[in-house]
Amino acid sequence: MRIHITSVFVDDQEKALRFYTDVLGFVKKHDVPMGGTDRWLTVVSPEEPEGTELLLEPSGHPAVRPYKAALVEDGIPATSFAVDDVPAEYDRLSALGVRFTQPPLEMGPVTTAVLDDTCGNLIQLVHSA
C-alpha cells in the first residue's frame, strides 16, 4: 500500500494552481472539469512525475472553512513538503514574496519552516538530516 493522492483545501483553485506551480515549483498533472467551477486539479513534484499527487481541492464543504481557520489560528500546517535545504528554500521563496509564519528552525536532525500558501493553508517545509 502507498499514498496515491493527498489533498489540501484551497479557496481558489486557479490561484492555488499558480502558487503551487509558479512559486513552489510543482507541475500540473490533472485538470478535469467536475461541473460548475470545480475541477479535479492535481500537481506533482517535477522530480517524481508519477509520484504522489496533491489535489488542490475546492473548499466548498461547510466544514472546511472553520477547519482551515482553526488550523491557521493554531499555527498547524495542513501538510508538509520535503526539501533538500530549508534555509535555501526559505530565502528563494521569501525573495518571491512568500510569507512565512515560521522561519527555518532546527530541532535536532530536523529543520522546518512554515509558509502561507495564499489559499488558506499553512504549509511546512522539512528536511531530515
Side-chain angles (χ1 to χ4, degrees):
M1 187 178 303
R2 63 186 186 276
I3 298 171
H4 174 62
I5 295 176
T6 189
S7 65
V8 292
F9 290 107
V10 297
D11 299 337
D12 179 321
Q13 285 186 299
E14 192 59 38
K15 180 180 177 183
L17 179 61
R18 285 191 307 272
F19 183 82
Y20 280 80
T21 57
D22 297 346
V23 178
L24 296 185
F26 290 101
V27 177
K28 181 169 62 173
K29 174 88 177 199
H30 296 286
D31 189 351
V32 180
M34 299 299 292
T37 59
D38 293 344
R39 299 144 59 186
W40 181 262
L41 183 59
T42 67
V43 296
V44 294
S45 168
E47 298 165 9
E48 295 182 5
E50 300 306 316
T52 304
E53 296 177 46
L54 178 66
L55 174 63
L56 304 177
E57 190 162 357
S59 294
H61 189 281
V64 173
R65 193 166 308 280
Y67 167 75
K68 285 174 54 175
L71 289 180
V72 169
E73 185 176 319
D74 289 344
I76 300 171
T79 195
S80 182
F81 300 142
V83 298
D84 292 331
D85 185 333
V86 172
E89 282 298 309
Y90 174 84
D91 291 343
R92 179 183 78 82
L93 294 171
S94 292
L96 293 173
V98 173
R99 185 178 75 82
F100 280 80
T101 61
Q102 176 205 302
L105 176 64
E106 291 184 28
M107 299 171 285
V110 176
T111 303
T112 65
V114 179
L115 62 90
D116 178 342
D117 78 349
T118 73
C119 302
N121 301 293
L122 298 179
I123 304 295
Q124 182 178 64
L125 304 180
V126 64
H127 174 77
S128 299

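- Atom CD1 of Ile5 and atom CD of Glu57 lie 10.0 Å apart (nearest 0.5 Å).
- Ring centroids of Phe19 and Phe26 are separated by 6.0 Å or more, keeping the two rings apart.
- Tracing side-chain contacts under 4.5 Å through hydrophobic residues (I, L, V, M, F, W, Y), one reaches Leu24 starting from Leu96; they form part of the same cluster.
- Applying the salt bridge (Lys or Arg N to Asp or Glu O under 4.0 Å) rule to Glu53 yields no partners; only residues at least two apart in sequence or on another chain are considered.
- Side-chain atoms of Ser59 and Lys68 form a donor-acceptor pair, as typed in the model, at a separation below 3.5 Å.
- Two residues are said to be in side-chain contact when any heavy atoms from C-beta on lie closer than 4.5 Å; Val8 and Leu54 meet this criterion.
- The minimum heavy-atom distance between Thr112 and Gln102, with the atom names listed, is OG1-NE2, 2.9 Å.
- The minimum heavy-atom distance between Pro62 and Pro66, with the atom names listed, is O-CD, 3.3 Å.
- Annotation: Arg92, atom CZ; neighbour count of heavy atoms from other residues, nucleotides and ligands within 6.0 Å is above 12.
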CA sep, side-chain torsions, deciding dist, call: Leu93, Leu115, side-chain contact (heavy atoms from CB on, under 4.5 Å): CA-CA 9 Å; Leu93 294 171; Leu115 62 90; 3.9 Å; yes
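- Going from atom OH of Tyr90 over to atom CG of Asp85 covers 13.5 Å, rounded to the nearest 0.5 Å.
- Thr21 contributes atom OG1, which lies 9.0 Å from atom CZ of Arg18 (distance to the nearest 0.5 angstrom).
- Asp91 places no side-chain N or O within 3.5 Å of a backbone atom of Ser94 that could act as its donor or acceptor partner.
- The heavy-atom pair separating Val72 from Gly120 by the smallest distance is CG2-O, 3.5 Å.
- For the atom pair OH of Tyr20 and CG of Leu56, the computed distance is 6.5 Å after rounding to the nearest 0.5 Å.
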Worked verdict on Lys29 versus Glu50 for salt bridge (Lys or Arg N to Asp or Glu O under 4.0 Å): CA-CA 9 Å; Lys29 174 88 177 199; Glu50 300 306 316; 3.2 Å; yes
Listed pairs under 3.5 Å, donor-acceptor, residues 122-129 side chains, sequence neighbours left out:
residue	atom	partner	partner atom	Å
Gln124	OE1	Ser80	OG	3.3
His127	ND1	Val83	O	3.1
His127	ND1	Asp84	O	3.2

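- Atom CG in Asp12 sits 7.5 Å away from atom CD in Glu14 (nearest 0.5 Å).
- When each of Val10, Leu17, Asp11 is checked for a side chain to side chain contact (heavy atoms under 4.5 Å, CB included) with Gln13, only Val10 meets the rule.
- Using a 4.5 Å heavy-atom threshold, the side chains of Thr6 and Leu55 count as separate.
- Remark: the backbone N or O of Thr118 is paired with a side-chain donor or acceptor of Asp116 at under 3.5 angstrom.
- Residues Pro49 and Glu47 come closest through the heavy atom pair CD-C, 3.6 Å.
- By the criterion of side-chain heavy atoms lying less than 4.5 angstrom apart, applied directly or through intervening Ile, Leu, Val, Met, Phe, Trp or Tyr residues, Val114 is not grouped with Leu71; the two fall into different hydrophobic clusters.
- Among all heavy-atom pairs drawn from Val44 and Gly51, the shortest one is CG1-O, 4.2 Å.
- Summarising the geometry of Pro87 relative to Pro104, their closest heavy-atom pair is CA-CG, 3.9 Å, with the distance given to 0.1 Å.
- Interatomic distance, Trp40 CH2 to His30 NE2, rounded to the nearest 0.5 Å: 9.0 Å.
- Side-chain atoms of Asn121 come within 3.5 Å of backbone atoms of Phe9 as a donor-acceptor pair (strictly under, hydrogens ignored).
- The backbone N or O of Thr42 lies less than 3.5 Å from no partner atom in the side chain of Lys28, so there is not a single donor-acceptor pair.
- In this structure a side-chain-to-backbone donor-acceptor pair under 3.5 Å is present from Thr52 to Ile3.
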